[in-house]
Visitor: 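Below is a structure I'd like to ask you about.
Counting convention: from 1, in listed order, for ligands and their atoms alike.
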Amino acid sequence: MTALESIIVAMIESDGPMALDRYMALCLGHPQHGYYMTRDPFGQGGDFTTSPEISQIFGELIGVWFLSVWHVLGKPRHFALVELGPGRGTLMADVLRVIAKDEKCLKAARVHFVETSPVLREAQRARVPDATWHAGPASLPALPTLFVANEFFDALPIRQFERVEGRLFERCVGVEQGRLTLGLVPTAMHISMNGNGVIEDSRLRDAFASELGNHLKMAGGAGLVFDYGHARNSTGDTLQALRNHGFARILNDPGEQDITSHVDFEGLGRGFVAGGAKPVGLMTQADFLNTMGLEQRTAMLANTVQGAVKQNLVAASERLALPGGMGHLFKVMAVTGAGIPAPYPFGAA
Ligand code: SAH
């Protein structure tokens, strides 16, 4: 039993069944034993890999998007380049290399990271030493903002409810014979849903979007949210645990594996609207990367290398945009503050 599992068992024995958002928050963010608090989980030796870790081109194309939106914003002399949940800082390092092509833009940019993990803050500092760190959007500076979040919202805790024969229950973690189990607890909550099945409630995630939306409304700017998920709200259990690049049970070894859920982009969009910002488009990761020039940039880089390096580079680009894989499962939503039109390639007829 992990140290965190003993702590959670004791909490449940004292307070009763634990809602999944609390369980997820402890597994990922417990100050001593939380998954992200204690390790760098990315890459081959870790539990999972992400688009910026697969290819530098992912961050580069986002850099191109930022550069063009900086022009749309009227080239502000100071702006905040914000990333939420920056992992190893790889994406921002790739973005900055592209932004540096325009000296004025680079001079105007101030990097701000929203990150809770001390281990990952150190990894980010190694790649982007001049950044400023925040625990949430509330302390971001009042500067025009360009933001990106990749696989951030999927890590924010959710709750699950289940309707069985017309009665609503909350799915909670309990203890049976000293071990964690998943069970149903009757609830008086009002959740609108049709028929039976599981519905996910991402109030915390939506609140985060609302806070960020409010910042965009006040400070101006735009940003991109990349994540796996669905365009429309629907029923179904999407909670998943990942370990050693494979799926695991969410109750196994708390604190030792990543737990996430699919992002409901419809709900997330409502969160941004509640804060005063505007979601201006949603497309697949494949469509975004392809229209931003994935093929051209891959060919350009491939011309500079040989052999296995070349093959890996091409394979990495394909992986990011594969229709049966990341290319379609991952979506990207663009969000703007007041008064700017949907930036290319969103809203392009
Ligand atoms: N964007 C990176 C990492 C994704 S993993 C990449 O694509 O490689 C999720 C990231 O969000 C990690 O950096 C994690 O520490 C951070 N994170 C998770 N929950 C958070 C929270 N509540 N507040 C701030 N950061 C959080």
Side-chain angles (χ1 to χ4, degrees), residues 21-31 33-63 81-95 111-128 131-140 147-158 202-212 215 223-229 240-243 245 255 257-263 271 285 289 316 319-320 326 329-332:
D21 59 345
R22 176 108 178 93
Y23 176 72
M24 204 172 154
L26 286 168
C27 288
L28 299 181
H30 184 280
H33 309 295
Y35 181 75
Y36 283 112
M37 298 297 144
T38 53
R39 76 199 70 214
D40 172 341
F42 309 105
Q44 275 188 352
D47 290 318
F48 61 96
T49 193
T50 57
S51 299
E53 300 299 332
I54 291 172
S55 171
Q56 67 182 71
I57 300 178
F58 184 74
E60 289 173 349
L61 296 179
I62 293 168
L81 199 49
V82 174
E83 185 174 356
L84 306 133
R88 285 180 172 165
T90 310
L91 192 163
M92 188 55 84
D94 294 336
V95 161
V111 175
H112 291 266
F113 285 147
V114 175
E115 174 62 68
T116 41
S117 158
V119 178
L120 291 176
R121 279 188 179 200
E122 278 320 302
Q124 291 151 21
R125 199 187 309 277
R127 285 177 183 78
V128 188
T132 305
W133 280 263
H134 304 259
S139 56
L140 289 172
F147 82 83
V148 61
N150 183 59
E151 291 208 42
F152 170 71
F153 284 97
D154 64 63
L156 298 185
I158 59 157
S202 53
R203 223 156 282 194
L204 269 177
R205 188 189 277 165
D206 301 346
F208 211 103
S210 163
E211 220 179 309
L212 186 58
H215 174 76
L224 298 172
V225 177
F226 290 84
D227 229 310
Y228 41 86
Q240 60 185 41
L242 273 181
R243 191 165 186 180
H245 299 266
Q257 51 188 22
D258 190 32
I259 303 182
T260 60
S261 71
H262 285 210
V263 170
Q285 173 159 305
L289 295 177
R319 187 169 168 200
L320 291 182
M326 296 182 85
L329 179 58
F330 277 74
K331 316 276 188 297
V332 48

Visitor: How would you list, by chain and number, every residue that makes a side chain to side chain donor-acceptor pair (under 3.5 Å) with Gln257, sequence neighbours excluded?
Guide: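 So Gln257 forms no side chain to side chain donor-acceptor pair (under 3.5 Å) with any residue.
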
Visitor: Less than 4.5 Å apart, any side-chain heavy atom of Thr260 and any of Gln240?
Guide: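 Contact flag for Thr260/Gln240 side chains = yes.
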
Visitor: Between Phe42 and Phe48, what is the ring plane arrangement, given parallel below 30°, perpendicular above 60°, and tilted in between?
Guide: perpendicular

Visitor: Between the protein and ligand 1, which nitrogen or oxygen pairs come in under 3.5 Å, and how far apart is each?
Guide:
from, atom 1, to, atom 2, distance (Å)
ligand 1, 1 (N), Gly85, O, 2.7
ligand 1, 1 (N), Asn150, O, 2.8
ligand 1, 7 (O), Thr50, OG1, 3.4
ligand 1, 7 (O), Asn150, ND2, 2.7
ligand 1, 8 (O), Thr50, OG1, 2.6
ligand 1, 13 (O), Gly87, N, 3.1
ligand 1, 13 (O), Glu115, OE1, 2.6
ligand 1, 15 (O), Glu115, OE1, 3.4
ligand 1, 15 (O), Glu115, OE2, 2.5

Visitor: Taking the side chain as C-beta and beyond, is there a heavy-atom pair between Phe58 and Asn150 under 4.5 Å?
Guide: yes

Visitor: Tyr36: which residues meet the ring-ring contact (aromatic ring centres under 6.0 Å, His included) condition with it, sequence neighbours left out?
Guide: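 Per chain and number, Tyr36 pairs via ring-ring contact (aromatic ring centres under 6.0 Å, His included) with no residue.
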
Visitor: Using the test salt bridge (charged side-chain N to carboxylate O under 4.0 Å, His left out), find all partners of Arg88 that sit at least two apart in sequence or belong to another chain.
Guide: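 Checked Arg88 against salt bridge (charged side-chain N to carboxylate O under 4.0 Å, His left out); matches are Asp40, Glu53.
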
